[in-house]
K.L.:
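Handing you a structure now.
Lettering of chains follows the sequences in order, A, B, ..., and the numbering in each one begins at 1.
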Amino acid sequence: MLDLRLIREQPDMVRDALRRLNTDAPLDDILQLDEQRRSLLTRVEELKAQRNAGSKEIGKAAAGQERDKKIAEMRQLGDTIAELDEEVRDVDERLHKLLLEVPNLPDPDVPDGPDESANVIVRHWGDPKEPSDSIAPHWDLAENQGLIDFERGVKVSGSRFYFLRADMARLQRALITWMIDIHTREHDYIELTPPVLVRSESMVGTGNLPKFGDTLYHDEESDLWLIPTAEVSVTNYHRDELLDAGTLPRKYVAQSLCFRREQFSAGRDVRGIKRVHQFEKVEMVKFVEPEKSDDELYSLLDNAEQILRKLELPYRVVQMCTGDLSFVSAKKIDLEVWAPGSEDWLEVSSCANFRDFQARRANIRFRTEDGGRPQYVHTLNGSGLALPRTMIAILENYQQPDGSIVVPAVLRGYLGGQEVIEKQPGIW
RNA sequence: GGAGAGGUGGCCGAGUGGUUUAAGGCGGCUGUCUUGAAAACAGUUGACCGAAAGGUCCGGGGGUUCGAAUCCCUCCCUCUCCGCCA
């Protein structure tokens, strides 16, 4: 949510920033409602001051004609106040609703562009393998090797569901444990195991609601939502809190299942496990002081990159242009790992600075060291990393001509020293 | 699921219709003392809207009343006992 005062005081700046996003936020309606709200408020508050004074007199006065007259007077005043209160509530509600639909403003250094074609490749790491006939895409490889059962996933749950089998399931567990160990031991994050079902307020806090409800799974009976990322649970961990001075930054890492309806990607990436309805992800979330968030984005990015480097997987760093920013981000940088079998750069991590956008929605503030007024924190998050795509990259980069897969050196300790994943018992 | 008790400032906690302008404590900040710190003592310290005056806020929402933290309705949450349960 944007600061209403910013919209009021620098409407042209806000308008220009939104124009870069190619969105048509109803700024004029917002300004008009804001104006209306404030003039109503002035009137009703004046009347309330009168009523407070009048009621106080009644409390002191002895019973009698004077007192009865005053009471009648105040009753009438009360009716007027009730009417105005009603109007204020209505205007407030409309204003708030509009504000919730305005996207975050892009940082000045975000490149302009209409869509992903204008994203900027910042740099590469590692040597991407040339695709060749001897490098199979993971969907063929994994099925042949008995590592993933796609058919039964579809039978049990539908398209975009699958079973990991045998050493593949073990590999995922090992990866999760290893990634979390790196982030907690080497990068100083606190591990959280979060709920994957959350209330609507939490979804509003991170910006998933009200706009993107149709991409989420929802249980109507209990009115709970399945999270699309642990970002939702972990960011809302501090919702409606006033954090103590000196406790920032707060850094959390959480593994969770993520659930996505993928309603609008029908027909895209239908093969394999690149785009699925349910997947594991290790997610990092930071709550930081506003002046630090620029630097914190880069250290977050580095934390994610460390995982790919240790796995020795070639990747590239891509900065999103204005046309490819998410609703809540001011700045977003993705890591894309090379998959030579699929011949695709896979987004395995998305690192973003939300500035105070989420903090306003979720009401997360901190008390400054100097004891001044509480301020909103800045929130950031980044995947560290998404499991299916990381496993695609491992399968496709580490496969050998006979179909076996070499275990990346850093993971062997987590797999009892195992060096190679051989063909698993067939899918029978 | 049944019965009961609760939800008050950053935290704990008093307050059952009108000088409450929410007591008191903890924590924070400032000062005295000290080489420095701790302790002790003293002072100070809620959030939100507003340029200000002022107004709003006692779990959320609604109601009763001239006036509600206080009474009523409703929802959410916590705790205790019972039942069920991985």
Side-chain angles (χ1 to χ4, degrees), chain A residues 1-10 30-100 193 195-205 209-210 218-225 233 236-248 250 287 289 356 359-377:
Chain A
M1 195 157 61
L2 298 182
D3 185 0
L4 185 52
R5 191 176 305 177
L6 183 75
I7 298 177
R8 184 190 306 144
E9 288 170 5
Q10 302 183 54
I30 288 172
L31 286 167
Q32 193 249 320
L33 283 171
D34 175 49
E35 189 56 47
Q36 199 180 337
R37 191 186 81 96
R38 286 190 301 150
S39 83
L40 277 170
L41 226 44
T42 316
R43 277 166 62 201
V44 75
E45 283 179 2
E46 220 165 86
L47 296 183
K48 280 180 181 175
Q50 274 179 44
R51 182 178 65 180
N52 287 349
S55 293
K56 198 167 271 183
E57 278 178 45
I58 293 168
K60 283 189 222 164
Q65 233 180 7
E66 276 300 302
R67 191 169 182 276
D68 292 345
K69 200 175 136 201
K70 197 84 192 170
I71 288 178
E73 228 177 279
M74 288 303 115
R75 181 178 296 143
Q76 203 168 22
L77 189 57
D79 290 345
T80 312
I81 289 173
E83 277 170 38
L84 286 175
D85 269 343
E86 182 79 27
E87 277 185 64
V88 171
R89 204 178 314 150
D90 178 59
V91 169
D92 241 346
E93 201 175 297
R94 280 155 59 201
L95 180 60
H96 190 69
K97 213 170 152 186
L98 289 181
L99 275 175
L100 283 180
T193 301
V196 297
L197 285 164
V198 303
R199 309 159 165 281
S200 301
E201 296 94 294
S202 297
M203 285 294 185
V204 172
L209 288 179
H218 179 229
D219 174 49
E220 294 206 3
E221 202 177 346
S222 57
D223 193 23
L224 289 172
W225 303 76
S233 313
N236 281 280
Y237 185 65
H238 286 307
R239 177 155 52 83
D240 290 324
E241 288 188 26
L242 182 47
L243 305 174
D244 280 330
T247 63
L248 301 178
R250 298 204 186 187
F287 302 82
E289 291 172 65
D356 63 5
R360 278 178 196 284
R361 291 175 158 249
N363 188 30
I364 307 169
R365 297 169 300 161
F366 73 104
R367 202 180 284 287
T368 53
E369 293 279 7
D370 61 17
R373 301 189 102 205
Q375 286 184 34
Y376 289 106
V377 299

K.L.:
May I have the distance from Arg5(A) (atom CZ) to C48(B) (atom C1'), rounded to whole angstrom?
P.N.:
11 Å
K.L.:
Taking the P atom of each, how far is G10(B) from C76(B), in whole Å?
P.N.:
26 Å
K.L.:
Which atoms form the tightest heavy-atom contact between Asp34(A) and Arg8(A), and what is the distance?
P.N.:
OD2-NE, 2.7 Å
K.L.:
Could you say whether Ala72(A) or Arg37(A) is positioned toward the 5' end of RNA chain B, judged by the nucleotide with the nearest heavy atom to each?
P.N.:
Arg37(A)
K.L.:
Any side-chain N or O of Arg89(A) under 4.0 Å from OP1/OP2 of G62(B)?
P.N.:
yes
K.L.:
Rounding to the closest angstrom, what is the interatomic distance between G60(B) and A68(B) at atom P?
P.N.:
16 Å
K.L.:
Regarding Glu241(A) and His238(A), do their side chains bring together a donor and an acceptor under 3.5 Å, going by distance alone?
P.N.:
yes
K.L.:
Specify the separation, in whole Å, of atom CG of Asp240(A) and atom P of C57(B).
P.N.:
18 Å
K.L.:
Without decimals, in angstroms, what is the distance between Leu40(A) CG and G55(B) P?
P.N.:
18 Å
K.L.:
Can you name the residues that form a ring pair (Phe, Tyr, Trp, His ring centres under 6.0 Å) with His218(A), not counting sequence neighbours?
P.N.:
Trp225(A)
K.L.:
Tell which nucleotide pairs with U70(B), taking only Watson-Crick or G-U wobble pairs whose two distances are both under 3.5 angstrom.
P.N.:
none
K.L.:
What interatomic distance, in whole Å, is found between P of C29(B) and the corresponding atom of A47(B)?
P.N.:
16 Å
K.L.:
Rounded to the nearest Å, what distance is computed from the CG atom of residue Leu47(A) to the P atom of nucleotide C66(B)?
P.N.:
17 Å
K.L.:
For the pair made of CZ in Arg239(A) and P in G59(B), what is the distance, rounded to whole Å?
P.N.:
17 Å
K.L.:
Scan every strand shown for a Watson-Crick or G-U wobble partner of G83(B), both distances under 3.5 Å, and answer none if you come up empty.
P.N.:
none
K.L.:
Write out a two-atom table: protein N or O, nucleotide N or O from nucleotides 52-54 of chain B, distance below 3.5 Å.
P.N.:
from   : atom 1 : to       : atom 2 : distance (Å)
G54(B) : N2     : Glu45(A) : OE1    : 3.0

K.L.:
Should Asp244(A) and Thr247(A) be marked as a side chain to side chain donor-acceptor pair (under 3.5 Å) after you check the CA-CA gap, both sets of side-chain angles, and the distance that decides it?
P.N.:
CA-CA 6 Å; Asp244(A) 280 330; Thr247(A) 63; over 6 Å; no
K.L.:
If we take the C1' atom in both C81(B) and C75(B), what is their distance in whole Å?
P.N.:
24 Å
K.L.:
Relative to the 5' end of RNA chain B, which residue comes earlier, Asp244(A) or Ile71(A), by the nucleotide with the nearest heavy atom?
P.N.:
Asp244(A)
K.L.:
Output side-chain donor-acceptor pairs under 3.5 Å for residues 41-52 of chain A, partner residues at least two apart or in another chain, one line each.
P.N.:
from     : atom 1 : to       : atom 2 : distance (Å)
Thr42(A) : OG1    : Arg38(A) : O      : 2.7
Lys48(A) : NZ     : Asp85(A) : OD1    : 3.2
Lys48(A) : NZ     : Asp85(A) : OD2    : 3.4

K.L.:
Take atom CD of Glu9(A) as the centre, draw a 6.0 Å sphere, and report whether it contains more than 12 heavy atoms from other residues, nucleotides or ligands.
P.N.:
yes
K.L.:
Measure CD/Glu93(A) against P/G61(B) and give the value in whole Å, please.
P.N.:
12 Å
K.L.:
Mind checking the P distance from G55(B) to G2(B)? Whole angstroms is fine.
P.N.:
45 Å
K.L.:
Side chain to side chain contact (heavy atoms under 4.5 Å, CB included) with Asn363(A): which residues, sequence neighbours excluded?
P.N.:
Asp240(A), Arg365(A), Tyr376(A)
K.L.:
In whole angstrom, what separates Arg373(A)'s CZ from G9(B)'s P?
P.N.:
19 Å
K.L.:
Search all heavy atoms of Leu99(A) against all heavy atoms of Ile7(A) and return the closest pair with its distance.
P.N.:
CD2-CD1, 3.7 Å
K.L.:
May I ask you to verify if any side-chain N or O of Arg365(A) is less than 4.0 angstrom from the OP1 or OP2 atom of C48(B)?
P.N.:
yes
K.L.:
For G46(B), take OP1 and OP2 only and decide whether either is under 4.0 Å from a side-chain N or O of Arg367(A).
P.N.:
no
K.L.:
Just one of Asp92(A), Val91(A), Asp90(A) clears the side-chain contact (heavy atoms from CB on, under 4.5 Å) bar with Leu40(A), so which one?
P.N.:
Val91(A)
K.L.:
Between G50(B) and G1(B), how far is it from one P atom to the other, in whole Å?
P.N.:
43 Å
K.L.:
For Glu93(A), does the CD atom sit with more than 12 other heavy atoms under 6.0 Å from it, leaving out its own atoms?
P.N.:
no
K.L.:
Between U34(B) and A38(B), how far is it from one P atom to the other, in whole Å?
P.N.:
15 Å
K.L.:
Using purine N1 to pyrimidine N3 plus N6-O4 or O6-N4 for Watson-Crick, or N1-O2 and O6-N3 for G-U wobble, both under 3.5 Å, which nucleotide pairs with A40(B)?
P.N.:
U32(B)
K.L.:
Just jot down the side chain to side chain contact (heavy atoms under 4.5 Å, CB included) partners of Gln10(A), sequence neighbours excluded, or say none.
P.N.:
Leu6(A), Met13(A)
K.L.:
Rounding to an integer number of angstrom, what distance separates A69(B) and U19(B) when you compare their P atoms?
P.N.:
11 Å
K.L.:
If I take atom CD in residue Gln375(A) and atom P in nucleotide G10(B), what distance separates them, rounded to the nearest angstrom?
P.N.:
16 Å
K.L.:
Could you list all N or O pairs between the protein and nucleotides 67-72 of chain B that sit under 3.5 Å apart?
P.N.:
from   : atom 1 : to       : atom 2 : distance (Å)
G67(B) : O4'    : Ser55(A) : OG     : 3.2

